[in-house]
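Just so we're clear, the structure is a prediction, and the values are computed from it rather than from any experiment. Atoms considered below: every heavy atom in the structure, side chains included; atoms not considered: hydrogens, waters and symmetry mates. Lettering of chains follows the sequences in order, A, B, ..., and the numbering in each one begins at 1.
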2 protein chains.
Amino acid sequence: MSESKSVNLTKRATYELRQRIIHGGLPGGTRLYEVALSEELQISRTPVREAMSRLAEEGLLERAPGGGFQVRSFSLRDVTDAIELRGVLEGTAARLAAEQGVEPAQLVAIKALLDRLDGCFAPGGATGREQIDFDAYSELNALFHQRLSELCASPVILRELERVVSLPFASPSAFVLGQADAARSNRSLALAQAQHRALVQAIEQREGARAEFIAREHARIARGNLEASFVSDPQAPECVPGMALIIR
Amino acid sequence: MSESKSVNLTKRATYELRQRIIHGGLPGGTRLYEVALSEELQISRTPVREAMSRLAEEGLLERAPGGGFQVRSFSLRDVTDAIELRGVLEGTAARLAAEQGVEPAQLVAIKALLDRLDGCFAPGGATGREQIDFDAYSELNALFHQRLSELCASPVILRELERVVSLPFASPSAFVLGQADAARSNRSLALAQAQHRALVQAIEQREGARAEFIAREHARIARGNLEASFVSDPQAPECVPGMALIIR
DNA sequence: TATACAGTAAATGTATACATTTCGCCGCGA
DNA sequence: TCGCGGCGAAATGTATACATTTACTGTATA
């Protein structure tokens, strides 16, 4: 608990509320009352209000009709669409990067990331089953997607992409961790990594359409994993952050 | 000036600031100071602050590094990208609509809009040059794009689309009005209307890929008009709302 | 001359009192 | 029983005093 730093109260309130929303402390649809929250957080109404405003900007809250805020709730369809949207936007970024061409240094850097991602697949030894370092993969994967998006050098595209990705279940690494079915998980990640390589190759060879569609297909893995999560444990797949937001 | 209604002060401040930003009273990059603005608008700091927060959410302001806000400024490239992004998102909406299929009633409604758009092209009589009702076209065009986006029945997609379109120069009707070159303008609008029809046809026939790419190409008309505006009058094409935001 | 530091003015951040609006509840009447 | 209307509690909206942070500027020292 190092959140009670000397940073300002708005940030504290923002952080605290975000945590509660993502982890299910404030389920989707919950109305947030300024007075109640400020008493609970021991922070006056002004920063709490400001925090809510920022979380609305972030997409976790929505403004209620007669003023005030409530926790945004997402149907399974909404989540599917958000992932699809990420695929479309990443695809656009990749296409633009391919069309415009990218700095050699950036290509070198992103290829280095590819190699590091490969390093997460430890040789399985005699068992034949690879042991995957999920935490490292998850982190590097997020970084890879970030760098990939930056290749298009478009602040406008990047901004919207960041916005979509800020929804926890739509982020590229949302479904990496804690999948119930280990075998399925290994297959997903191997396929995903193959797509990562193909994407970089397409951009390097300036194949815009190919890059775009690989990125879209890549996002479909997440979509598949989401649906698998719901099938395997429709009750509470709490492994995935932000799952609490999804109404069942 | 009916803006000094009895609505609350936050809305007044939001409206007033938005107007100033769009019409160039507050050029891109301008830092907004709460105290100065609240004195000028005769409104206390709290609603002014709230208004700035909302305009940041809208994309017209950005949060400055050390706190506070400044007017967002857009390069020509940013505007181009925003229009491209609109094309991509409208394309996605159209594709999803085609893939899922839409209610017959909605198709009927949007076809009625197509007919009304046709009505804006008055027969040119003996001159052979059509007289176009630009204002009516502009309004119907905006409505058409709105309805078209709604066909995909996806709140998530619609939300992001609304966000992009809220940038005045990225809206579908941004470049309809006040084009310097009348002949060019007529050609654009006729082409655009042909694309409108093709789009609806593609959706009706469930041709997702076709619908997507027509929508993208459709947005390219706006991009072309933007570039034409800059070539014809690089100084101050004040005809297009939001043009003041673009740094030259 | 450049840099670092301190002082100060002005900005944003915070708390809170007060104003206004909203919404639900209750009672009255048709 | 249903609907309308007003009353009241509780919510958000607003103003403002005060706190804190930031950033600039001027000066002193290396």
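dT20(D) atom P lies 13 Å from atom CG of N8(A), rounded to whole Å. Look at CD on E50(B): it is 16 Å from C1' on dT20(C), rounded to the nearest Å. The interatomic distance linking L9(B) (CG) with dT14(D) (P) rounds to 5 Å, in whole Å. One atom, CZ of R12(B), and another, P of dT20(C), lie 14 Å apart when rounded to the nearest Å.
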Would you mind building the protein contact string for nucleotides 6-12 of chain D? One character per nucleotide, 5' to 3', B for base within reach (heavy atoms under 4.0 Å), S for sugar-phosphate only, - for untouched.
-----SB
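Taking the nucleotide of DNA chain C with the nearest heavy atom to each of P65(A) and Q42(A), the more 5' of the two is matched to Q42(A).
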Please set out all donor-acceptor pairs under 3.5 angstrom arising from side-chain atoms of residues 105-116 of chain A, sequence neighbours excluded.
residue	atom	partner	partner atom	Å
K111(A)	NZ	E204(A)	OE1	3.0
K111(A)	NZ	E204(A)	OE2	3.0
D115(A)	OD1	R197(A)	NH2	2.9

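Partners of Y33(A) by ring pair (Phe, Tyr, Trp, His ring centres under 6.0 Å), not counting sequence neighbours: none found. By the side chain to side chain donor-acceptor pair (under 3.5 Å) test, R147(A) is found to be paired with E150(A), residues two or more places apart in sequence or in another chain being considered. Evaluation of the salt bridge (Lys or Arg N to Asp or Glu O under 4.0 Å) rule for E57(B) yields R63(A) as partners, not counting sequence neighbours. With sequence neighbours excluded, the residues forming a ring pair (Phe, Tyr, Trp, His ring centres under 6.0 Å) with F144(A) are H196(A), listed by chain and number.
For the residue pair H218(B) and E90(B), no side-chain donor N or O sits within less than 3.5 Å of a side-chain acceptor on the partner.
OP1 or OP2 of dT14(C) lies within a sub-4.0 Å distance of a side-chain N or O belonging to T10(A). Contact annotation: S44(A) reaches the phosphate of dA15(C) (side-chain N/O to OP1 or OP2, under 4.0 Å).
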